[in-house]
Amino acid sequence: MKSYIDSGQRRVMQFIQPLVQAVPFSKEWQNLTNFNTPEEFKQACADLPK
């Protein structure tokens, strides 16, 4: 990572792309895969199976 940043790169996705692996999940978990605000996090928690 140090070499990457020292070379002037700053793009996180470009850095992690070689490490990314697809993970299968059920449709009911889709709302839990990405949230960017506290409200989205609260909604994801509310959507957890009971």
Side-chain angles (χ1 to χ4, degrees):
M1 178 181 269
K2 183 177 180 341
S3 297
Y4 183 77
I5 291 171
D6 287 347
S7 72
Q9 299 296 324
R10 299 290 186 267
R11 295 181 177 175
V12 174
M13 293 307 294
Q14 186 176 343
F15 178 78
I16 66 170
Q17 189 59 44
L19 307 172
V20 172
Q21 293 181 0
V23 177
F25 58 88
S26 67
K27 185 113 174 119
E28 65 187 14
W29 286 85
Q30 188 168 358
N31 291 338
L32 304 174
T33 61
N34 185 30
F35 38 86
N36 299 300
T37 66
E39 291 76 23
E40 289 175 341
F41 178 73
K42 288 176 189 173
Q43 184 60 51
C45 290
D47 288 346
L48 282 169
K50 308 257 187 277

If two hydrophobic side chains count as joined below 4.5 Å and joins carry through other members, does Met13 share a cluster with Phe35?
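As far as the 4.5 Å side-chain criterion goes, Phe35 and Met13 are not connected within one cluster.
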
At what distance, to the nearest 0.5 angstrom, does NZ of Lys2 lie from OG of Ser7?
10.5 Å

State the CD1-CE distance between Ile16 and Met1, to the nearest 0.5 angstrom.
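Atom-to-atom, Ile16:CD1 and Met1:CE are 9.0 Å apart.
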
Side chain to side chain contact (heavy atoms under 4.5 Å, CB included) between Phe15 and Gln9, worked out
CA-CA 8 Å; Phe15 178 78; Gln9 299 296 324; over 6 Å; no

Using modelled atom types only, decide if a donor and an acceptor are shared between the side chain of Gln43 and the backbone of Glu39 within a distance under 3.5 Å.
no

Take atom OH in Tyr4; do more than 12 heavy atoms of anything else shown fall under 6.0 Å from it?
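Counting neighbours around OH of Tyr4, more than 12 heavy atoms of other residues, nucleotides or ligands fall under 6.0 Å, so yes.
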
